[in-house]
Structures are given as structure tokens and as C-alpha cells.
4 protein chains.
Amino acid sequence: MLKKDLAAPRPPMGWNSWDCYGASVNEEQLLGNAAYMAEHLKAFGWEYVVCDIQWFEPTANSNDYHPFADLCMDAYSRLVPAPNRFPRGFRPISDEIHAMGLKFGIHILRGIPRQAVHRNTPILGSSRTAREIAHPYSICSWNTDMYGVDPQKDGAQAYYDSLFQLYASWGVDFVKVDDIAVTEFRPDNPYSAKEELELIRRAIDRCGREMVLSLSPGPARTQDAFHLSQNANMWRMTGDFWDHWDKLYAMFEKCEQWNPYRAAGCWPDCDMLPLGRLCKNARYAGAKDRPTNFTRAEQRTMLTLWSIFRSPLMLGGELRDNTPWDLQLITNDDVLSLNRASTENRQLLRTRSEALWTCKDAQGHTTLALFNLSDEKRTVSVELTPYGFETEYRTLDLWTKGTDRIANGVLTAEVDAHDCLLLRLD
Amino acid sequence: MLKKDLAAPRPPMGWNSWDCYGASVNEEQLLGNAAYMAEHLKAFGWEYVVCDIQWFEPTANSNDYHPFADLCMDAYSRLVPAPNRFPRGFRPISDEIHAMGLKFGIHILRGIPRQAVHRNTPILGSSRTAREIAHPYSICSWNTDMYGVDPQKDGAQAYYDSLFQLYASWGVDFVKVDDIAVTEFRPDNPYSAKEELELIRRAIDRCGREMVLSLSPGPARTQDAFHLSQNANMWRMTGDFWDHWDKLYAMFEKCEQWNPYRAAGCWPDCDMLPLGRLCKNARYAGAKDRPTNFTRAEQRTMLTLWSIFRSPLMLGGELRDNTPWDLQLITNDDVLSLNRASTENRQLLRTRSEALWTCKDAQGHTTLALFNLSDEKRTVSVELTPYGFETEYRTLDLWTKGTDRIANGVLTAEVDAHDCLLLRLD
Amino acid sequence: MLKKDLAAPRPPMGWNSWDCYGASVNEEQLLGNAAYMAEHLKAFGWEYVVCDIQWFEPTANSNDYHPFADLCMDAYSRLVPAPNRFPRGFRPISDEIHAMGLKFGIHILRGIPRQAVHRNTPILGSSRTAREIAHPYSICSWNTDMYGVDPQKDGAQAYYDSLFQLYASWGVDFVKVDDIAVTEFRPDNPYSAKEELELIRRAIDRCGREMVLSLSPGPARTQDAFHLSQNANMWRMTGDFWDHWDKLYAMFEKCEQWNPYRAAGCWPDCDMLPLGRLCKNARYAGAKDRPTNFTRAEQRTMLTLWSIFRSPLMLGGELRDNTPWDLQLITNDDVLSLNRASTENRQLLRTRSEALWTCKDAQGHTTLALFNLSDEKRTVSVELTPYGFETEYRTLDLWTKGTDRIANGVLTAEVDAHDCLLLRLD
Amino acid sequence: MLKKDLAAPRPPMGWNSWDCYGASVNEEQLLGNAAYMAEHLKAFGWEYVVCDIQWFEPTANSNDYHPFADLCMDAYSRLVPAPNRFPRGFRPISDEIHAMGLKFGIHILRGIPRQAVHRNTPILGSSRTAREIAHPYSICSWNTDMYGVDPQKDGAQAYYDSLFQLYASWGVDFVKVDDIAVTEFRPDNPYSAKEELELIRRAIDRCGREMVLSLSPGPARTQDAFHLSQNANMWRMTGDFWDHWDKLYAMFEKCEQWNPYRAAGCWPDCDMLPLGRLCKNARYAGAKDRPTNFTRAEQRTMLTLWSIFRSPLMLGGELRDNTPWDLQLITNDDVLSLNRASTENRQLLRTRSEALWTCKDAQGHTTLALFNLSDEKRTVSVELTPYGFETEYRTLDLWTKGTDRIANGVLTAEVDAHDCLLLRLD
């Protein structure tokens, strides 16, 4: 176990501003969601409040990026919070969040601002300038703010060191770095920013403050898992996840592939939970300020998979708009405790129409999750004995709290379309 | 743990005829190597004697394949041993090997003989014929003997069932199936024989005899690891391995990538050990009947990696030609016991010039393998504390039996080019 | 101009059995269509009667191929007509067709029968056998009859020489060779049969009879055009063409790309004309024994493009089922004369919704074809002066025989969806 | 023939500064080479003097590009000549070149300066700004000066119109546009700047001055030939050409593929002629200020191929350093007249070791070029009759002026390695 793993001994749980506020979140929204979390969610393990992309852009007003927008930057080529959105900067926000017993996270983009490069501004702690450390062809394929940093250049490490010193001074506990787990500027090498990641790792280790390092976007590749595990705490297994069944369905294959790579401090990431009220300031998936598209069955299936796989859990909706149903869904301690502390998590079976996972909970009880991946309600029946199970069990469903029995080594149940059972066995 | 895993609770160890006899091994050579193994190697865990490809071809006389050669086949489209090479068939060979306390393995190619298809011969246990179950476009890209079997066809399972019934009747304990972990006829899908593998799995499960299922060639893909683990006991991570440093060097990356997928009964395979006297009947790598190209340092490095990674171990040389040095190399019980029984095996570090692996041996001692991957003798120095180690240890080198100390949390040693240390820590 | 070009001084015109009889055409159908051609079409230049694939398979009964079907073969590994379908063989058919003033063509597949290889039958004029000249991995990806021939092997040329001697003895005037302009067994090299084509070219040159050499399937690549031109008389620019607008639409881009490569004796081929009554013995595109799906406008557009591009013209429907409208369409001498003898053919303009082609007819009149490629009737207007035209012309529509004027250098006309104008300018 | 074709009725001939001065040519060098051309070369058709890349960069001093270098720009986002290198600007240079009876050309990079975009400077003739018309992800992969222009944006055409108005005011006759025939930022679409090319075409047509439009770099694709022919006067068939035999050897295949696409005003381009004294200010191919690496035989072969293929001819060496041998090579009027005015140019034959081309010269004499592509002097013998030649000719070698005979339809000659014959037949 590496020292960096201590920052995330269990999968991080929290809230991220992207799904509801896109590129335009502000102080009131951050603190409002933090207060809700402190009051309703903290007891269940939820703790991070993460401000997503473009907090340095005064003109951000939706999910959209504005090509070549003017960004707020300090004298050392470092982006700083836009005063119209964060008039006090991040330190007071961080202090208030900490005072609530929670933790504070921010999003950054790999690299150095293009505007710094073209203005040729200084780097703190180095005689080199922005122009001298930028990689002129390493650009993000969906956002114009940055050039990548060339890790071979003198001054490159100093730049990243200066960034994380600043974030440490703000009280940041969690950094989501984007355009790094997959880059697109070299199509034959999606992991081309590997050495830039090492600069970031080193900068965090030196900054004097423990921070969780989260990498985006996906899909990260299993062939890079060792390097990811050595340098980051969590990384995305897919492109952006939203509330569509096909994306949830596809996550099962990803969890199958990445399951052996999970370890304390190293969490393959299923991405955010688009639950509750979404898209407050812009359209995504057809509508503005809308509830999740997921059915209740699908919401259970998502939380079950994310929990038994032990993915990080990041809520995406505006928490203050939660209905009672929304709230109970994310405060089921039996389910969440699997995410926090289960072991021996693994898939036993996956076909086009069903999947079966198992783990042991913190008390050593075997748990089974049976998913109906088909589009119809049906009776799902799985023989358990080939997997080394006994033939008789009493079962407790962690969602419904209903009890039942498994007999003759066969788990049989009627399951709704896209729904699941999550059973503790005795 | 699946039932099929019981066939290989530890990585299989043995000898395979390919590296010294290519496609032309005969009874005398099989039994001669078996006798050597029984006398000199059995006590260290070596147990399988495997007859590689083309045992059904009377004209085989070297490493080369003969396009469209006539093959020995029974009345049910099943290949049988060539009488000029195996006059008594396989059953007496198997009996003698078993009597020595060893186990018997054979190689097969996925599919049904092309000659069966063009003669349209019967399938045992089915009214279908060879022509009706063959997949007409699924051919091996390097051997002309077979067509793949179309898993959708009635009769396909019956054919494979009939094969493994025959092998069970021969007393076969280990089957190496070729042209299956990677196929080349559909370049966009190297795992196109996935469903044919399921037929084979089922046929073994039904045949009434426990058999290890080994898949070739590689490189298998990590994205297919779950399916491989569900169906086979070992599978190749690379193309054919031979005694060249570049292939050994490249194996480190493969071991890094596949390490999380290893489990009891599920062994990612580094391929055969080209040690001792090789190529008795044909040229490979420039010469016929030649010693291994590997230096002694490289031989140690190979055995160390294969052991701490827990790869299957299959000797490739003519055992009866072993020198005393060759013999001591493969009978170092301290080293082999790591292969047989260590836990928590994993890589800690890999750069272009060095690699560091660790595991716990069966007694719970931490073990470290430090590899000098560079082409020069040099002092290698690695800080251990970032990986959670203590600062002081006594060390025992499992190769030299020399003792030493680690101080201040740093492992420092002078290591020859391509050589390694394998240290038990106290 | 090479000698082989004399076999096809103008684009070949004729009828081919595939679109109506698939793999199962018989003597009566060949001769019946020949008789129709002699009576109704010959005067307009139609002359070839081509028997398509599987004439050597007794069991052929539709469009489908039968994997591993037994084929009729002579003592020298050469396929011969199936007696149940061609009881007299091809020579009497050829004689009757020649007596009608027409020409006779056949289809073959590149290679040597797999059944010859597995039976190891002789090659005429060589001491080598089928097994010795076959390329064991060069198979067609959609038909199981043949292995490719390995051009490096002694006996390979002798085999092809023997084939074309046989075809010459049958009185064959046209050979459509399949699985050759595009092969699929080496996906990185679709023109992998290039040297096999050279064997075929040489065999024709030596056989003592002039034959048109037509290559299938497509898409041939423009980068191979020189080699194609040196060896064949026509070659396909696309995969199989059928009566769907998307395929006709896509042909415009192919004609644009291949236009510079056309020369006397070297004809890029738009493929067969699916006109009249199709699919007499099997379903294609949803129905058996059905009229063409093309609208009358689309049929005009197809014939106009094929003519102004000077593609070979091969009718696909059962000619004896032609309606009067069908017949007049393919006997418009003004249109067909462009195919037979125009010059300076080229595209002037192509957008998503329209295309403009021009040529000079045999009398030196400038001709314009204006195509409405959009799905709606609309007024199409094109400025002609940028292309060096005059501003005033009288026009004669070669389809409607209507006359009109072009004024002010602009061609303006209302054109139906998918329809065209074909105008002779004065 | 389109109006734009009138700018280049024959392949352009001239001199370009790249091969000797890289990115750093200055006024003295341009005018010095112009004076040499006027005195020694003009009579043979040489006429263009082209200033290559980076004339707007004050710091340019070799072949190297300087990432993010500050560029000279006018108030409308247009790059202008660097005063330290061109103190009077381009107009006086152009005037002097015109006064010599020659023509003036410049190089530009597709797009708008990145510095204009980040400063957000105005566009002449539009209310839009640089930032609003730039395509933020369309960057050149080897030079940091520009962003591509987004053709969909209002202001994009105005920008290019303003550029060519400026160039017209400078008296520019020839524009070499770079990063356009092949772009690399979208690897699946190397012709992604197709619509930007249309903007440039329109801007030239509107600017009131005839200019040759030359496109770089290559390899352009034959599938795009129609669009290239509609919009440009010449385009590169390969990447940068330099004085290495492998590049010259490879050009034969390109000439074979592109030959049918040549037309008056539309010239596939073999690229510059690296002859005489090269690399005056920087190393390329191992040395600074060096003579061409090509042997004299290779120089003849290059000029022969470029001439019989009718490629544009652009000299690359410092003309004032020419030796008498260098000068006679590029003033052989018999050879150059083929470039200027021959017809029916085409390859007859190409193997690994030889190529044969033919054309008719302006007087209608058949000409043959026979190339020995092998690395050894040898007797090359080609049968001419298959290509429709007579059996007897008298021959005049256009390089040596020697006379000889062709007898029995066979051209036989001893040719040095990499050398050629260029024969006028009578």
C-alpha cells in the first residue's frame, strides 16, 4: 500500500456540481448542497463536496464551453476562482465545508492555460515561463482552456508544484483532474498524459496536504491499471455516465473487467450518480431542470452495482430538491455499508439478460446481487452450487427488508425489468 | 471457486515436447523424459508430461507443418496417434506415466479435421456429419489440419463430447488447446472462438475425468479475463516464448497487466521454459540441437519471474541432456515453493531498467525479487518505505543462499545485467 | 494499348444470370434469354450471355451457397458443368449462342477446388498435384469451393493454362473471375490476389481465344488501377449492386473517383443492371420473383450514369418477362450510343443534391447529364460558364426527345426526385 | 477547363527557398536567386521565385520552428513580413522580380494566427473577430502559428478574402498553402480542410489577380482528386521530398497512381528538386551547407521522371552556388520541353527493378524513358511490341545526345544503377 492510498481507504462518497450546474456552479449552490449533506447524508458516509469545471471562467453560464473565453488567472499562470461566482475565493468555502465536518474538492484540467502561454506569463518557483513548458500540440479535444505541459521541460514540475501548493492553501481535499485518463490528441495513445500524471502525483505528495486524486474522463484501459494504481486514487472506466439504461447496462461489462484491479486507495470509478433533480441550468438529454430518467428499478440497480463493485459514489442532482424517495434511496445503510466495507467482491455470472455478483459484508455475511438486465419482468433462476455455495439459505433483501429462503441450491425470483435483488444470506 | 478450478489448485508444472521435438515427438522421447522427471524432478512438484502438436501426423519430422498432410483419424472424425510414432497408442504411455506417479497431457487444435469435412465422415453420438458442424471460414492461420466447429450447429457439442470421452479413455490429465485464446481468421475479434471454448469446457466437465485445460496461443486480452477464468485453467499472455532477452524483457509488462487476474485454478501463463538442450530435430533461432541462448543470469531471472508471478512451469528442453547446472536450476525448492504456494504476489515497481516484485511465502515471510533489466551490471537501489516496508531486515538470497541486511529502508545491491536477487526477508 | 484491350474496345454489353437465377441457372434459361437478346436487343449492341457462379454444383437451387457441396470436376482438378443442369455441357450452348450472333461468358472463382486439394488430384501439364499448388490459407470469405493458388508454386501457371484451354475449347468469349479484385482473407491487403491475376492474364493470352476478363467483387482501389488496367478488361468499383437508391446514390462518388482510369479495353464497372423481373428462384431484398425496386426515374438515372460514365452494361432481369416499358428503356439508341462511343466523359459538379456530367457523342455534340440526387422534385439550376460552355444552346432530351433552350449560360430545369435530364446541345 | 486552370496552363517551374534557407530566407537571398534565374534559367521556362514559410517570424534562423514565437501581424489579424528580414516588405521585392520578367510566390499556412485568436483581433470586412472564426481544435501538427478557420462561421470567407486582397496588393503570383492537402488533427480524415480550401479558392477568384494555388503537404489521396482538381492548380503526392534514393524510388509508384489525374491547370506535384547546394542555414540529412546527396545518375532520373510525368519543377538549391554541371542539368531544353508540352504521358511498365514511361513530345515524336531502379548497373531489356510499338526505330538520347537503334521490337541497353535513358524515337 502506497502512502497516497491513505487518502482514500474506502471509495470516496460525495456530491459533484456537474450534473445539475454544469460549468456554472456558484458559492451559494456549493454551500447549499454542503449544508444538505451535513444535515441528511453525512451519517451515511457522504462527505465530499466537489466543485466541477470552469470555476475560473466568469462567463460560464450552462453546460457549454466557450472557446477561448478569458479566464481568471494569477500572476503565476494559475487559474483562480471567478470573482463573480466566488466573490470570496475558495478558502472561505472550504472553511465552511470543513466546519460542517465535510471535505472540499475541485476539478482541474491537465495543463497550463493557453492564455498564459500566449501572454508568456511566469511560473512560480522557476525561471521558465508558460511558453517554455507548454506542449504546443497537446490540447484537449473538447475544451480550449489549456495546453498540456511537456514533462521533459525544466519548469514543468515547478508549475504543478505551484498549483497544488495553492490548492493546499485553499484547503482542498479532493482533486478531479480531467483530460488525463484518456487524451485524444494522439489517437494511437489515449494514455499519452501518463508522465504528466506523474508530475501531478509528485506535486500532491509534496504539497503538505492529503488529497484524493481522481482522474477523468474514461475509458481508462486495463493495460494501464498498474500505472493508474501507482499514481491515482480513482479513475473512470467509461465516458461520461448519464441516466440512460444503455449506459447502465454497459457498466456491467466494465465492472467485470476492472474488478480485479480494485484495492484500498485504488478505485475504478463508475462515475457520477444522476439521481434526483438534474440539469438545473442547461439541457442535457432533452430537458432543463428535470428529474432523472432512470426508473426506480434502474436507480436501485445502479446503487447496487456501484456498491457491490465498490465504486466511488458521487451524487449529481441538486440535493435540496430531493424527494423523500430520493433521500431514502441514498441513505440505505445496509446497501452503503457494502460500498464502504465489503470484501471478496466479484461477479459470478453475466449473460445478456442477467448478472450475479457476490461479496462478504463487514460482518462476514455472504451477499448476493442478482440483476435482471432484460427489458421484461421475468423469473430469474440461477444455480448457486457451481460457485461453491451451500444449498439452503435464509435471505434478507437489503432494499425491501423482505425475508425468504434459497432451497436446493437455486436462487429463483421474479425480478422487474432492469431491477435487482440484493440479498444477505444466512 | 468453480469445480474446474480443482484440476489446477496450483500452477501446473511439467515438461512439454515442443521446444526439443517440435511436431515430431515419439513414444520413446515421451517416456524417456517421463522417467527422468520421475527420478530427478518429481519431488519438487514437476508432474505433467505433455505431448505437443501433430501426434496424429505420420509424416511429421521437424518443427514444420505440412500443408494438407494426411492425418490418422478414427471412424468418427477424431484424430488418433500416428502408429509409426506411437505404435501402442496413448493409453499404454499414459499408464506408464501414471505408474511413475506423474500425469499425462496432450495438445489439440480447436476444430474438426478438414479431411473429415471433405470426406464427410460421421460424428459419434449425433446424426450430423463433419461437414454439417464445420465452420467453413474459421481456419487456423498457421496450420491446415482443421476447420473450426460452428457452435450454433446441432452436433457441435456431441463432437467435442466424443473427443474428450476418447481422451478420458486414454487417461489424459491435461489438454493444451491451440488456435483458441487468439484466433486470426477474424482480425477484428481475436477471441472469436469463445463459444467453441465453452463447448470444450462442457465436454471436459462431462467426460468423467479431471483434466487441466490450457489455452494457446497468446496474447490473450485482459478484457477477456473473466470469460477465460470461467472456462480454462491457464492461458497464454504472449505469443510463443523462446530464449531471447527481448521476449523475457517483454514478459514483465505482461505479468504487470495480468497479475490481478490470477486465482487458484486460473493461471495466466508465461509459456514454456526454453532451458537445457533444445531443438533436437529442427532449427529454431539459428541452430539445431543447441543449448538455450539464455545466459545463466537470464535463466535465473526467468525462473524468478515465473515463480513470483506464479505462472505455470513447463520445461522445454530434452531433460536427459541436462547438465548438473541445468538440474540444480530447476530443483531449487526455495524458489519453486514460491510458485507452488506464495500469496500476495505483486509488482511494486517497474521502469525501463529495473523491476521489483514481492510476495509472502507459505510460511508468511515477505519475499522480494529485484531485477536488473538493463544491459549492464550496476548497483540497483530501491526505497522500500513507500511500499509500506520496515527500514531494517535480514535477507536470505534464495538463489545463492547468501545472507545480508537491508538498512534505512533502502535495498541496494550490485546486480549483473539481466540478473536478479530473490530475497527472503526477516 | 495492350493486345488484351482488343477484346473489349467498348464497354461490354450483355446479360448475366445472377440477378434472376442466382447460383442455379440452367441451359433453358441461358438459351431462352439468348434468344430474346438476339431478337430484341442485339441491334442495340447487347451481345454477351453470361452464366454466373456454381454451374459446377448439382445441388445449387437458389442464391445460397452450400458449404462443402460436392462439385463436378474432371480428372485434372477442373470444374465442369453439372450434368443435371447442363446435360450437354457448355460447348453446344456456346455454339447456339454464337449462331445467334452473340457471345458466351462464364463465371469462375479464383483458385483450385478444395475437394481437389483434399483428394490430391492431378494438374494437366504438370507433375505437381492440387495439394502442391494450393495456398492453404487463401480462402474466399463467402464461398467454400476453392483454395487460392500459390503463384510461387511450380504448377500454378500450368493449372490456369489448363483451365483456359478448356474454356477456349468450350467457345467462351468472356470470363468473370470472382474473389479476386477484392479478397478478404488478408484484411490489410484486399488486392492480395494480384499475382494470381497475372497467372490468369497469361493463361488467357496463351489459350488461343480472345476473351474479355472481368473481375469481381469490388470495391477495387484506385491505387491498384495501373495493375488492373494492365491485366483485366473490367473491374468492379463497388460491392454487389442491387436496386436500392442508396447504392445508386453512392455510385456517383465512385464514378467521380474512377473516371480518369477508363480507357479502351479498361472499363471500371458499375455492376449489373437490376431491371425488369428479378429473383426468379430466391429472395433478395425481401421477395422472390419480383420487379425491380427502382422507380422509373431511378432506372433512367442508372442508365444515364452507366452510359455517360461508359460502364459495362449487364442486364440482370429475366429478359423474357420484360414489359414494353422495360424494353424501350434498354433500347434507347441515343442513350446507348453514348455508352458505346462517347469521348471526354467527365463529371463537372457533384453536391449532395445534384450532379452534372458531360461528354461528346460520336458526332462531336456536347452532351450534358443533370441529376437530381435529392429526394424531392425541384428546380435545379447550374451555371455552365465556369466550365467553359457558351451561354446559348438548343437542347434535345435523349430520353423524352423534347427540345428546349439554355439561355444566359444557365441550365435550369424542374427534375423529379432521383431523376435526370440527358441533353444533347446544339 | 475551369478559369482557375488558366493560371497554370503548364506545370509551374521555379525556385523555392526551403531547401537552402528553411524558415529564415531574407530579401537578399530571394532577389539574388531571382537575378540568377533571370540571367541563366528564364530562357528555359523557369519563372517563379517562391518565399517559403515563416517570413512573418522575426526570430526564424534555421529550419526549426519556434513554438509560440511572436509573429508580425497587421491590425486585421493578417501576418506580414518580418521587418528585420524584409525591411521594405514584399511589394518592392515583387516589383523587382516582375521587372526581371519573373513571377513572385509566397507560402502560407492554412488558418488564422493563434496570437490573433488569443488577442481577439479584428477581421477586415467583418464584424467578427479572430476568436469567433477560429476552429479551436484544428491545429497543425508540426507548427504552432495557426488555428484553422471554421468554414461554417460568419467572417471566415471575409478573413480569407482579406488575405488574398493583401497578397494581390503585394503582387503575388503563386501561393503555396500548407497544412491543407493533408491535415493530421483528425487522423481518420486527412482531407478535413476541404472546405477551408474552398474558401481559399473563392478568395483567389475574387482578389482580382491571377495566382497559382499550390497545396502542401502530401500525400494527397487519389480519392480526393476531383475536389483537388476543382480547387487547386497543384498538390503534393508525397510527404516532403529530399535527396535520398528511397524517396525517389517511391515516387515512381505515386506517379503511376496519379498519372490519370493530370490536366492543364491541375498538376500532381512530385515536390521540390533538391539539387545543387542545399541546407545553407541548417542541417538536414546530416550536414549543413552541403551538396545534394543524389548521384548524377539519380539527378538525371529525377529530372526525367518529373519531366515525363509533367510535375511542377521547383529548384531547391542556392542557385548562385551552382556548378557548371548543375546548371547544364537544369537547362537541357530537350528534357524540359517534355515537361512543358508533351502529351499522352504514361507509364508502360513498372517492376521492382525497372520502369518504362512514354509520351509524345510537342512535335509528335514518341519518347521513351527507361529507368534502372535496381542498385546495380545492368543490361535492361524491354519488349516494346506488346505496347503497340513498331519493331524498328532510330533513337536520340536526350541527355547524352547519342544516337542508336531499336531492333526487333526490343529496347536493350546497359544502364547504370539508378540511371535512365530518355530516348526520342524516329
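Note that this is a predicted model, so its numbers are computed, not measured. Numbered from 1 within each chain, the chains take letters A, B, ... in sequence-line order.
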More than 12 heavy atoms of other residues, nucleotides or ligands under 6.0 Å from OH of D:Tyr76: yes or no?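 No - once you tally the heavy atoms of other residues, nucleotides and ligands closer than 6.0 Å, there are 12 at most.
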Counting neighbours of OH on D:Tyr249 that are heavy atoms of other residues, nucleotides or ligands and sit closer than 6.0 Å, is the number greater than 12?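 Above 12, so yes.
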Looking at D:Phe68 and A:Ala134, what are the two nearest heavy atoms and their distance?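 Nearest heavy atoms, D:Phe68 then A:Ala134: CE1-CB, 3.9 Å.
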Would you name the heavy atoms of A:Pro136 and D:Thr144 that are closest together and state the gap between them?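 The answer is CB-CG2, 3.1 Å.
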May I ask you to decide if D:Pro67's main-chain N or O and A:Arg131's side chain share a donor-acceptor pair within less than 3.5 Å?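 Flag not set: sc A:Arg131 to bb D:Pro67 has no pair under 3.5 Å.
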Short question: side chain of D:Tyr137, backbone of A:Ile139 - any donor-acceptor pair under 3.5 Å?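 Between the backbone of A:Ile139 and the side chain of D:Tyr137 there is no qualifying donor-acceptor contact (under 3.5 Å).
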What part of A:Tyr65 is in contact with chain D, defined as an atom under 4.5 angstrom from a non-hydrogen atom: side chain, backbone, both or neither?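 A:Tyr65 has no heavy atom closer than 4.5 Å to chain D.
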Segment of A:Asp188 engaging chain D (4.5 angstrom heavy-atom cut-off):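 Neither; nothing under 4.5 Å.
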Can you tell which of D:Glu132, D:Arg119, D:Arg114 has the highest number of heavy-atom pairs within less than 4.5 Å of chain A?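 Heavy-atom pairs under 4.5 Å are most numerous for D:Arg114.
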